[in-house]
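Since the model is a prediction, treat every value here as computed from it, not as a measurement. By convention in this document, chain letters (A, B, ...) are assigned in the order of the sequence lines, proteins followed by strands, and residues within each chain are numbered from 1.
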Amino acid sequence: MSWIKILRIIIHNMPKPTNKNTGGSFLERGRTILHRIEDGILIGLLMLMIVTAFAQIFLRNLFEFGIVWGDVMVRILVLWIGLVGAMVAGRQNNHISIDLITRYLPKRPKNIADSLTQLFTSMVCGITAYYSAQFVKMEFEYGDTAFARVPVWLCEVIIPFAFAIIALRYFILFLSNLSKAIKLSS
Amino acid sequence: MTPYLIAFLLILFSLLGAPLFVIILAVAMAGFYRSGIDLSVIAIELYRMADMPVLLALPLFTFAGYLMAKSKTPQRLVRLARAFLGWMPGGLAIVSFVACALFTAFTGASGVTIVALGALLHPALKQTGYPEKFSIGLVTTSGSLGLLFPPSIPLILYGIIAQQMGVGRNFSLEDLFLAGLLPGLLMIVFLSSWSLWTNRKNPIPLTRFSCREARAAFRETIWEIPLPFFVIGGIYGGYFAISEAAAVTVIYVMGVEIFIYKEIKLSQLPEIMKESMAMIGGILLILGASLASTNFLIDAEVPAHLFELIQIHVTGKTAFLILLNVFLLLLGAILDIFSALILMVPLILPVAISYGVDPVHLGIIFLANMQIGYLTPPIGMNLFIAGYRFKKSITELYQATIPFMIVLLAALIIITYWPGLSLVLLRK
């Protein structure tokens with residue numbers, strides 16, 4: 001089986017969207033497409049990482065040389081996978097947390113607690129995104145290179161981007177929870 | 001006043017279920033803000049994740065573990081262990097411990113062992129004649145056995161956190177891998193002996209060792225048997241670094257499961273990749289956030305203050321270790337192992353070193369406690385996973401696992417107060 005064939009099968013079988021109602025509104029369809037792009041990036045990053053890391057070992061042991069910037073790129077890929085993976089985990093509010101109390105709360109207080117923490121999460125991630133963006137802007141002005149001819153700021157740009165997305169996602173979660181809480185009370 | 005208010009709010013938010021990485025980021029922000037440091041320093045700290053070559057091992061081993069869990073590796077592993085160990089008295093119980101420990105070492109204690117292996121072992125144990133309560137307890141306990149064996153992800157994570165702090169003596173991840181071997185074996189031996197003793201009045205028919213079955217099971221597993229040997233052998237033999245071992249493992253496991261056993265279809269790969277990376281992404285994010293908060297904590301000399309505070313009440317290494325055990329057991333019951341490591345190691349390690357605890361030994365103590373924390377009522381994670389998987393009430397599980405927990409506590413006491421057990425293999 002050739003690599004191209006393998007790649008084709010992988011691309012054809014990208015994870016299906018979790019919400020089954022494929023009809024959906026325009027907005028929902030847009031969200032599904034965004035999710036698939038996100039999944040695609042995450043999977044692509046992992047494949048690139050596996051191939052590069054393996055190629056380095058292969059080259060180093062058999063031909064006693066490696067791609068000079070290969071190791072740096074793989075390390076930066078870890079950062080990217082971490083952040084994009086975290087974005088995907090944030091979709092369903094799947095981040096590790098202590099659910100010591102909320103597990104036992106009745107529906108309405110739980111709703112209120114959830115919306116509070118989601119707003120807080122959104123705020124903290126928003127602040128992180130803002131200040132990271134400042135930092136990336138500074139790095140852009142310096143114009144250092146990370147590896148090959150890739151500038152450092154391009155490697156770092158995932159930090160503000162990922163946090164902005166997580167902030168947005170939690171803000172949407174907050175809004176939908178809030179509307180649920182209001183519905184429950186009326 | 002304000003620091004206390006902030007601390008109170010953060011504790012409240014974390015108890016209400018805010019994601020842990022957010023709490024840690026907020027701590028770092030509050031700290032930097034108070035010291036008048038521009039908050040864009042957080043991005044610099046997060047970017048430090050790209051300066052740690054070993055981190056590569058985490059996503060790669062996680063992905064390999066997910067692949068194995070989705071294939072028929074669990075079935076093969078159980079068959080192999082049964083064929084070779086099943087003839088012994090208490091055979092199947094020992095088989096369960098060994099198979100689960102091996103599987104957890106490669107997949108991490110994320111509950112996957114209970115779901116994948118427990119589901120095979122539980123009916124087999126009952127069929128052989130073990131009482132229901134014993135079988136359930138055994139399977140629940142085994143879900144986190146094997147955390148101390150390489151290349152378990154929590155073990156690697158402890159090493160990474162301890163190394164980047166740069167306190168105490170230097171040690172390598174390989175040292176940590178060696179140190180976990182004997183304590184991990186001790187736990188298996190204790191559990192096996194207890195299983196034999198508790199079933200002494202309950203005659204369980206012995207199965208004869210069958211050469212043919214052994215050969216068949218061996219042949220079936222032939223592609224997976226080399227894996228632990230070449231990961232561990234490759235690392236100790238100096239053939240490759242841990243992150244390289246992880247890359248080779250991924251390629252090997254992919255090749256074997258997809259093209260030789262053909263149990264994972266190429267079309268399943270994207271979903272498995274996504275699932276495993278979302279899981280490790282959550283952990284990496286907590287780690288990145290903690291790089292920022294840890295730096296602040298060290299600048300503010302929090303561990304030093306903590307040490308002074310504890311020293312007023314606790315004198316001597318032994319007393320400290322007792323306190324540590326109690327604290328970690330409680331922590332292990334509340335937090336999952338990854339967050340507990342990332343949050344607590346930066347605080348505990350400097351204090352423990354001041355009390356004269358070896359950093360490698362501390363890692364083994366930490367993980368041994370966490371492993372038992374998984375079983376600690378009322379909220380240890382294994383209890384819930386087993387309850388869900390085997391459709392038992394949580395109180396039934398408490399009763400079934402408590403004897404196993406006591407056995408593990410006995411092993412923990414030996415591991416904690418006999419540093420030599422962990423460190424003897426390190427002295428060359």
Side-chain angles (χ1 to χ4, degrees), chain A residues 1 6 9-10 12-16 39 42-43 45-47 49-50 53-54 56-57 71-72 74-79 81-90 93-102 113-114 116-118 120-121 124-125 127-128 131-132 134-136 138 155-156 159-160, chain B residues 13-22 25-26 29 38-44 46-47 49-53 55-56 58-60 63 240 243-244 246-248 250-251 254 259 266-271 273-275 277-288 334-336 338-339 379:
Chain A
M1 212 182 276
I6 293 176
I9 296 177
I10 286 177
H12 271 289
N13 288 284
M14 290 290 298
K16 300 284 178 294
D39 292 345
L42 183 58
I43 291 162
L45 289 171
L46 177 62
M47 291 201 301
M49 181 164 110
I50 293 171
F54 190 69
Q56 286 289 73
I57 301 167
D71 289 342
V72 186
V74 166
R75 292 204 312 252
I76 289 165
L77 280 173
V78 174
L79 174 81
I81 285 186
L83 287 169
V84 179
M87 274 159 58
V88 172
N93 193 6
N94 250 349
H95 276 289
I96 298 171
S97 60
I98 306 175
D99 54 353
L100 199 56
I101 295 175
T102 40
D114 281 351
L116 265 178
T117 54
Q118 282 155 1
F120 177 67
T121 304
V124 171
C125 290
I127 297 173
T128 311
Y131 282 100
S132 316
Q134 301 282 310
F135 172 67
V136 173
M138 242 157 53
C155 302
E156 293 164 339
I159 301 174
Chain B
F13 273 126
S14 61
L15 287 180
L16 285 179
L20 273 174
F21 80 89
V22 168
L25 269 181
M29 276 177 190
D38 190 87
L39 288 187
S40 56
V41 77
I42 287 175
I44 302 176
L46 284 167
Y47 194 65
M49 271 200 282
D51 279 336
M52 302 158 86
L55 272 191
L56 175 62
L58 299 182
L60 292 181
F63 176 52
F240 31 67
S243 54
E244 291 175 331
V248 177
V250 165
I251 293 283
M254 262 167 70
F259 296 112
L266 269 177
S267 57
Q268 285 172 284
L269 268 190
E271 186 62 42
M273 286 179 165
K274 176 194 147 190
E275 243 179 77
M277 289 307 105
M279 180 266 185
I280 201 71
I283 292 167
L284 285 173
L285 188 57
I286 297 181
L287 182 68
I334 304 174
L335 273 183
D336 80 294
F338 298 111
S339 334
I379 44 168

Heavy-atom distance under 4.5 Å between the side chains of [X] and [Y], does that happen here?
X	Y	answer
B/D51	A/R75	yes
B/K274	A/V88	yes
B/F63	A/I50	yes
A/C155	B/Y47	yes
B/F21	A/C125	yes

Find the distance between [atom1] ([X]) and [atom2] ([Y]) and round it off to the nearest 0.5 Å.
X	Y	atom1	atom2	result
B/D38	A/Q134	CG	CD	7.5 Å
A/I43	B/L269	CD1	CG	9.0 Å
B/S243	A/I57	OG	CD1	7.5 Å
B/S40	A/Y131	OG	OH	8.5 Å
B/L25	A/T121	CG	OG1	10.5 Å
B/L284	A/L79	CG	CG	9.0 Å

With a 4.5 Å cut-off on heavy-atom pairs, point out which of B/L46, B/V250, B/V41 contacts chain A the most.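 Option with the greatest count: B/L46.
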Between B/I42, B/L39, B/L285, which residue shows the highest count of heavy-atom pairs closer than 4.5 Å to chain A? B/L39
Test side chain to side chain contact (heavy atoms under 4.5 Å, CB included) on B/L20 and A/H95 and set out the steps. CA-CA 8 Å; B/L20 273 174; A/H95 276 289; over 6 Å; no
Picking from A/G82, A/A113, A/G90, which has the most non-hydrogen pairs under 4.5 angstrom with chain B? A/G82
So which of A/L46, A/I159, A/I76 has the biggest tally of heavy-atom pairs under 4.5 Å with chain B? A/L46
Under 4.5 Å from a heavy atom of chain B, the part of A/M49 involved: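 Looking at A/M49, just its side chain touches chain B.
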Which region of A/L83, side chain (C-beta onward) or backbone (N, CA, C, O), has a non-hydrogen atom less than 4.5 Å from a non-hydrogen atom of chain B, or is it both or neither?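 Contact with chain B involves the side chain of A/L83 alone.
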Side chain / backbone / both / neither for B/M277 at chain A, heavy atoms under 4.5 Å: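 Its backbone and side chain both get close to chain A.
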What part of B/I44 gets closer than 4.5 Å to chain A, counting heavy atoms only: side chain, backbone, both or neither?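 Contact with chain A involves both backbone and side-chain atoms of B/I44.
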Mind listing the closest non-hydrogen atom pair of B/A278 and A/A89 along with its distance?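 Looking at all heavy atoms of both residues, the shortest contact is O-CB, 3.7 Å.
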With side chain to side chain contact (heavy atoms under 4.5 Å, CB included) as the test, would you mind laying out the steps for B/L16 and A/D114 before giving the verdict? CA-CA 7 Å; B/L16 285 179; A/D114 281 351; over 6 Å; no
Using the side chain to side chain contact (heavy atoms under 4.5 Å, CB included) criterion, which residues pair with A/L45? Sequence neighbours excluded. A/I41, A/L77, A/W80, A/I81, A/V84
